[in-house]
Protein chains: 2
Amino acid sequence: MSPGKEPSGQLIEALKSLGLTKYEALVYIGLLQFDGATATEIHEISGVPRASVYPVLDKLVQKGLVIVSNTVPKRFDALPPKKGIIKLKENIESDAEFAGTELENIYISRMCPEKERQELIWSISGSENIINRLRQSIGEAGTEIQIISDYDFIKTHLHDTLFKTDSNPVMQIITDRWEGEVPPDTTVKIVEDKINECFESKNEMSGIFIIDSKRVLVIMSSPGHEPSAIFSESNGFLDFFSNYWRFISYHIDRKHTVRILQG
Amino acid sequence: MSPGKEPSGQLIEALKSLGLTKYEALVYIGLLQFDGATATEIHEISGVPRASVYPVLDKLVQKGLVIVSNTVPKRFDALPPKKGIIKLKENIESDAEFAGTELENIYISRMCPEKERQELIWSISGSENIINRLRQSIGEAGTEIQIISDYDFIKTHLHDTLFKTDSNPVMQIITDRWEGEVPPDTTVKIVEDKINECFESKNEMSGIFIIDSKRVLVIMSSPGHEPSAIFSESNGFLDFFSNYWRFISYHIDRKHTVRILQG
DNA sequence: AGACTGTTGTTTTTTTTATAACAACATTAA
DNA sequence: TTAATGTTGTTATAAAAAAAACAACAGTCT
């Protein structure tokens, strides 16, 4: 029995996060390669110690990923991968549902010092988390959105969000270029030369987003590091960035070649 | 800081299967109760040792479930439960997708001694797994389905499947009663008295299903035990149950009051 | 006897959970 | 001012639990 090439660690990790142990993953993978194998064959294919194969198979049967023949020796048959994955996800899904309602109960009865929270400045790490928070804030915008950001970022992460706001806020966008349509109620200022000077030079900021003059999100990404962002509703913070925005807006009108698009 | 009532073990288990550790779950739950808490407060609410709170929070931040203020002391804010769960599921979903394609690759290049497998008899445990396999077999039926089962079972688990077969097989059903419509091409024999005698008395079988004279699935459920089933394409097995079916069918016509419905 | 299956214990290893100690800083009281 | 006290954030390390690995044995078949 050739052991086949052993499965990638990544695959096993993936199966682990679906609720299997390393052995369970190995045995399941082994069974997919050789449907109807005996315990000893599984041991040989998967590299799992023979004595450990039995309890592991028990668990897999229990989880409904494997069925057993009642021959001697026993033979085992694995659910095809698609169905197997669905089954594993089902188990997780039901847990997720339970946890969801349970946590919601806890959440609605929480104590929450809103007053002070507002003055705090929050850090967000990881580009995905930043994008999420940003999209949410833009989606919740009531009247006004101010943006300084390079177009690549807007295009890849924000384009749809900007068109899909419920309350049609007035948007002012300062960026380096623009493709396609401009959203309604929107002014796009395109700084054709050296946009970098404005916000990408020293401090590595790659974007400033001010929502309803009430919330700011500033993205900072220095090369090499994970991108991070700060988010606040603090007045001081807001004043600073509102001023900064006004300053930039005024500055580029005078010093740069600016093209204006109206939505 | 009142510790609040401690979260149910079930909730923590659910969150564990979503990829959190016990501590991570406790801290997240704690933060939901008291948004914007400091590490020490979290320790007090959640019961997690203070020194352990920090690395746990790191991981939660990493997973995008928590954001940090840059005050001193640091304050922490949890993603609301709905979004938190979605985020956790996203991580799992991407793993599931990866595992799915990866396993599929392994699966298509498997070696599979079909010849011998056909002669094996497989055991399936757990009612859900049994139902799944049964529904699949019925769905794949080509020409003929023979069923002996009590109507409660058919009604709760099989009703829709029987109406939705692609290839309109001829169906013969022996049962104890029937409600509503009868599927097309179907003969239902209703044994009005003592159906138990046929298949529920001693051996505790609660159903026999023969598909295309090619596969049999026999469900056995003794009270107290988990229901189990055997499934086979073995000729000997098939012969036995085909004969059994014929025997029952003949027997009840003569000894019992039978009502016949035609679909 | 020898090869193999299925089972049962018992280590070893790894991951989580728990405790302890420390430096940095702030607050209070003498 | 200094000493005493308390708090935060870190680090190291011990204990416990879960997984993984190994060893041994009885039964079965050849």
Side-chain angles (χ1 to χ4, degrees), chain A residues 1 3 6-7 9 12-31 34 36-63 66-77 116 120 123 125, chain B residues 1 3 6-7 9 12-31 34 36-63 66-76 116 120-121 123 125:
Chain A
M1 196 63 38
E6 68 186 25
I12 288 170
E13 284 310 308
L15 288 170
K16 269 196 197 171
S17 75
L18 286 164
L20 301 184
T21 69
K22 186 180 168 188
Y23 276 10
E24 286 165 2
L26 285 170
V27 166
Y28 182 63
I29 294 168
L31 261 180
F34 189 169
T38 67
T40 303
E41 286 164 345
I42 293 167
H43 148 66
E44 285 164 343
I45 300 171
S46 64
V48 173
R50 198 178 61 85
S52 302
V53 162
Y54 293 92
V56 167
L57 278 168
D58 285 347
K59 267 202 181 165
L60 287 175
V61 168
Q62 209 179 294
K63 293 182 184 179
V66 163
I67 61 177
V68 200
S69 82
N70 45 5
T71 54
V72 173
K74 287 179 185 169
R75 293 190 169 273
F76 299 86
D77 195 1
E116 297 159 27
L120 294 176
S123 302
S125 74
Chain B
M1 196 63 38
E6 68 187 24
I12 286 170
E13 284 310 308
L15 289 170
K16 269 195 195 172
S17 77
L18 286 164
L20 301 183
T21 67
K22 186 179 168 190
Y23 275 10
E24 286 165 2
L26 285 170
V27 165
Y28 181 63
I29 294 168
L31 261 178
F34 189 169
T38 67
T40 303
E41 285 164 346
I42 292 167
H43 148 68
E44 285 165 341
I45 299 170
S46 64
V48 173
R50 199 178 60 86
S52 303
V53 162
Y54 293 92
V56 167
L57 279 168
D58 284 346
K59 269 202 179 165
L60 288 175
V61 168
Q62 207 179 295
K63 294 182 182 178
V66 163
I67 59 176
V68 200
S69 81
N70 45 6
T71 53
V72 173
K74 289 179 184 168
R75 292 189 169 273
F76 300 86
E116 297 159 28
L120 295 176
I121 296 164
S123 302
S125 73

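What's counted below: heavy atoms across the whole structure, side chains too, no hydrogens, waters or symmetry copies. Naming convention: chains lettered A, B, ... in sequence-line order (proteins, then strands); numbering from 1 in each chain.
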>> Generate the contact string for nucleotides 6-12 of chain D. Rules: B means base contact, S means sugar-phosphate contact only, - means no protein heavy atom under 4.0 Å.
In response: --BBBB-
Do the non-hydrogen side-chain atoms of [X] and [Y] ever get within less than 4.5 Å of each other?
X	Y	result
A/Leu57	A/Val68	no
A/Glu44	A/Thr40	yes
A/Ile42	A/Val48	no

Measure [atom1]/[X] against [atom2]/[N] and give the value in whole Å, please.
X	N	atom1	atom2	result
B/Leu26	C/dT17	CG	C1'	11 Å
A/Asn70	C/dT5	CG	P	17 Å
A/Glu13	D/dA19	CD	C1'	13 Å
B/Leu57	C/dT17	CG	C1'	16 Å
B/His43	C/dT17	NE2	P	17 Å

Say you draw a straight line from [atom1] of [X] to [atom2] of [Y]; how long is it, rounded to the nearest 0.5 Å?
X	Y	atom1	atom2	result
B/Tyr54	B/Phe76	OH	CZ	7.0 Å
B/Leu20	B/Leu60	CG	CG	6.5 Å
B/Lys22	B/Leu15	NZ	CG	13.0 Å

> Residues two or more places apart in sequence or in another chain: which of them pass side chain to side chain donor-acceptor pair (under 3.5 Å) with B/Ser123?
Replying inline: none
>> Which residue in the set A/Arg75, A/Lys74, A/Arg50 passes salt bridge (Lys or Arg N to Asp or Glu O under 4.0 Å) when paired with A/Glu41?
In response: A/Arg75
Taking N or O atoms only and anything under 3.5 Å, show me the protein contacts with nucleotides 14-16 of chain D, one pair per line.
none

